[in-house]
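The structure displayed is predicted, hence computed values, not measured ones. Numbering of ligands and ligand atoms starts at 1, following listing order.
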Amino acid sequence: MLPYGRQSIDESDVEAVTGVLRGDWLTTGPAVAAFETELARWTGGVPCVSVTSGTAALHVAYAAAGVRAGDEVVTTPLTFVATAATAALLGAKVVFADVQPDTGNLDPDAAEALVTTRTRVVTAVDYAGHPADYDELREVADRAGAVLVDDAAHAIGSTYKDRPVGSLADLTTFSFFPTKTVTTAEGGAVAAADPERFRRAARFRNHGLVREPGEQRFPGEGGWHQEVHAFGLNYRLPDVLCALGISQLRRLEGFRARRAELVERYDTLLRDVPGLTLPARRAYVRPSWHLYPVRVRDGRRREVYERMRAAGIGVQVNYLPAYWHPVFEDLGYRRGLCPRAEAYYAEELSLPLFPGLSDAEQDRVAETLAGILR
Ligand SMILES: *Cc1c(COP(=O)(O)O)cnc(C)c1O
C-alpha cells in the first residue's frame, strides 16, 4: 500500500543516530541544545524547547500560557484531537470556532465571535501546512487579552507574509512524527518568544525542576538540591532523537522543495477532474506542504476512499471534527456546531505526499482518482 505520508531517512540520518549511540549521552546531553539551536533557525530566531511529541508540545504550550481550570481555549475542530485534548486535560473548556471554507483554517471572525473574558488562549492550526491568517488572529487574541498559539504540526518551514512559522504566534508547537515533514520518530517542540513563557515551557518539560540556586526557596540545602515550584512532567526528547532531528533539519529545505514540486504536479494532473476541489492557497503564504487535501464532491468521498485503498493507494481523511469524538459528545458538544468544518470533513481526502513519492507513483495516484471520478 502506498502510504499517504512517510519519513525520508538517508545515511546522514543513520550516522547521526549511531554516532550518539556510541557516545556518552543517550539523553540530557549536548544534542538537545544543538537541536534546539538548529530549530530556532527555522522559527526566525524564536527559541525552542524540544519535547517527546507534538501532543506533549501542546500540553507544554498551554501550561506555559497559564491555562488553568475554568479557562476557555478557542480553537478549530478541523484538527487532530490533541489540539483540544491537551487543553481539556488542564481543565480548560474548549470552545470550537468554525473554519474558512477553502483553507480549512480557523476563521478569525468565528473566533472573534466566541472569545470572552475567560478566553486564555486562541489556538490556530496551519492545516496541511498552509499558515492561518495571523494578522487577523493576532488582533482577536490581543483584544481578548488571550495568548495566541499556533499548532504548527503540519507547517515547519512555512512562511506567512515572508515571516516564518514559529514567529507568528506567542507559542508555536511542532510535531516530528514520521508522517510529518521532519521526523525524530516521536518528538515535538515549542517555540516561545517571551522569556518567561519559554522558561515555564522548559521547566514543565523537566518535572518543573528549578536548578538555579538564585531562584530556589531553599538554596542552602546542598549542592544536590533542586526543587519544584509548579508541577511538570518528563517530556524530555533524548539525544538519540535530537541527533536525528538535527540531520533531518539539514534536509528540510530539500523536503520542502520536493513537496512543493509534488503539489504543483497534483495541481496540474488533477485540474480538470470533475467533482474534485483542489486545495486553496493564499497569495501571501509559502506553505511547506504536509498534506495534499482534495475535496471529493457529490457525496462520493467514502466511495473514492474505498476504491483508492482497494487500488493500493493509502489515502487518509484529516480530520474528524474534534468534537465528534465521543469524549466531547459526552461533555455536551453536538454535531452541527461548526457547519463549515463538518462540510470540509465530509469531502476531505488526503492524497499521498512525501519526499520519496516518485513522479510515476504520483501519476498512478492521479490516474486512479481521475478514473474513479470520470
Ligand atoms: C500530528 C499532530 C499533532 C500531534 O503530534 P504527535 O507528535 O503525533 O503527538 C497535533 N496536532 C496536529 C494538527 C497534528 O497533525
Next item on the list: Kindly say whether the aromatic ring centers of F328 and Y333 come within a distance under 6.0 Å.
Entry: yes

Notebook entry, point to check: Quick check: are there more than 12 heavy atoms from other residues, nucleotides or ligands sitting under 6.0 Å from CG of D359?
Noted result: yes

Notebook entry, point to check: Is it true that a side-chain atom of T119 and a backbone atom of T116 form a donor plus acceptor pair closer than 3.5 Å?
Noted result: yes

Note to self: Taking the ring of H59 and the ring of F204, is the distance between their centroids below 6.0 Å?
What the structure shows: yes

Tabulate distances under 3.5 Å between N/O atoms of ligand 1 and N/O atoms of the protein, writing both atom names on each line.
residue	atom	partner	partner atom	Å
ligand 1	5 (O)	S175	OG	3.3
ligand 1	7 (O)	G54	N	2.8
ligand 1	7 (O)	S175	OG	2.7
ligand 1	9 (O)	G54	N	3.4
ligand 1	9 (O)	T55	N	2.9
ligand 1	9 (O)	T55	OG1	2.6
ligand 1	11 (N)	D151	OD2	2.8
ligand 1	15 (O)	H154	NE2	2.8
ligand 1	15 (O)	K180	NZ	3.0
ligand 1	15 (O)	Y319	OH	3.1

Notebook entry, point to check: Partners of P3 by side-chain contact (heavy atoms from CB on, under 4.5 Å), sequence neighbours excluded?
Noted result: R6, F354

Item checked: From F255 atom CZ to S8 atom OG, the distance as rounded to the nearest 0.5 Å -> 4.0 Å

